[in-house]
Amino acid sequence: MKLLYTVNSPYARKVRIVALEKHIDMTLQEVVLSDPDCPVKNHNPLGKVPVLVLDDGDNLYDSRVIVEYLDNRAPGTHLIPQDHSSKIWVRRWEALADGICDAAVAAMLEGRKPPEQQSQANIDKQLDKVMRGLEVLNLDIFKKKWCVNETFSLADIALGCMLGYVDYRHKQLNWQDKFPNLAKHYGLLAKRPSFKQTMPVAG
Ligand SMILES: N[C@@H](CCC(=O)N[C@@H](CS)C(=O)NCC(=O)O)C(=O)O
């Protein structure tokens with residue numbers, strides 16, 4: 001199976017980390033979304049990464065579907081708990097982390113428009129979502145080693161990918177100073193080989 005990804009996509013990073021944590025081999029194919037010949041739209045009509053192309057030619061997207069597929073494909077500890085109530089909480093952490101990524105990506109894209117087309121109001125609106133989300137997660141992680149059930153899970157992975165992305169694209173938010181509980185958690189996650197191997201790349 002083959003993962004179509006971009007190095008700095010937080011959603012694709014989530015998938016790459018799940019695969020590394022579960023010791024699942026897959027071919028990584030880096031793509032350039034702005035390339036007119038980018039293969040992604042042949043596999044996902046939405047033209048978004050990540051896409052997992054299975055050996056039988058089927059395509060899986062988006063990241064939430066892919067991580068569930070990978071978690072069930074390999075034996076060993078589940079990153080998404082089997083127990084329904086724990087699973088719902090893990091997925092809620094993921095939904096908020098991914099939602100913050102959506103807002104952080106939208107703010108970045110707005111900021112890349114030519115100045116005369118840019119809307120500062122939209123940038124502020126998106127960054128407000130980021131800050132409100134971080135505030136909630138900072139309270140939720142207080143005094144916890146891991147997000148759910150004191151066990152490393154997809155919730156921690158999604159949180160770490162989001163924090164890495166916000167750090168990379170919106171350093172000016174100084175989130176590490178404002179949200180010390182999240183900064184501490186990020187420090188713990190950043191020591192894992194799976195996180196080290198998938199760090200966003202400057203450029
Ligand atoms: N909900 C999707 C979000 C995927 C997404 O927005 N990916 C971005 C890259 S970070 C993308 O491919 N954008 C290209 C586009 O929107 O055309 C997921 O979890 O996979």
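We count ligands from 1, going down the list as the structure has it; atoms in each ligand are counted the same way.
Using a 4.0 Å cut-off between heavy atoms, Leu33 contacts ligand 1 through its side chain alone, with no backbone atom that close.
In terms of modelled atom types and a separation under 3.5 Å, the side chain of Asn8 and the main chain of Pro200 share no donor-acceptor contact. With hydrogens and angles disregarded, no donor-acceptor distance shorter than 3.5 Å links the side chain of Ser194 to the backbone of Arg192. Remark: side-chain polar atoms of Lys178 are paired, donor with acceptor, to backbone N or O of Leu173 under 3.5 angstrom. Although no hydrogens or angles enter the test, the distance criterion places a donor-acceptor pair under 3.5 Å between the side chain of Arg91 and the main chain of Arg64.
With respect to atom 19 (O) of ligand 1, the closest heavy atom belonging to the protein is Ser63 OG, 2.6 Å. Among protein heavy atoms, the minimum distance from atom 10 (S) of ligand 1 is reached at Ser9 OG, 3.4 Å. For atom 4 (C) of ligand 1, the nearest protein heavy atom (residue, atom name, distance) is Val49 O, 3.3 Å. For atom 16 (O) of ligand 1, the nearest protein heavy atom (residue, atom name, distance) is Lys48 CE, 3.5 Å. In terms of protein heavy-atom proximity, atom 17 (O) of ligand 1 is nearest to Gly47 O, 3.9 Å.
Which parts of ligand 1 touch Pro50 is read off a 4.0 Å heavy-atom cut-off, strictly below it: atoms 20 (O). Remark: ligand 1 atoms within the under-4.0 Å shell around heavy atoms of Asp62 are 1 (N), 2 (C), 18 (C), 19 (O), 20 (O).
Tyr61 forms part of a hydrophobic cluster together with Leu4, Val31, Leu33, Val40, Val49, Val51, Val53, judged by ILVMFWY side-chain heavy-atom separations under 4.5 Å.
To the nearest 0.5 Å, the span separating CG on Leu159 from CD1 on Ile141 amounts to 6.0 Å.
Checking Tyr5, Tyr11, Tyr165 against atom 3 (C) of ligand 1, the nearest heavy atom belongs to Tyr11.
Annotation: Thr6 places no N or O atom under 3.5 Å from an N or O atom of ligand 1; distance criterion only.
Judged as a salt bridge (charged side-chain N to carboxylate O under 4.0 Å, His left out), the pairs with a partner in residues 22-44 (not counting sequence neighbours) are, in order, Lys22-Asp71.
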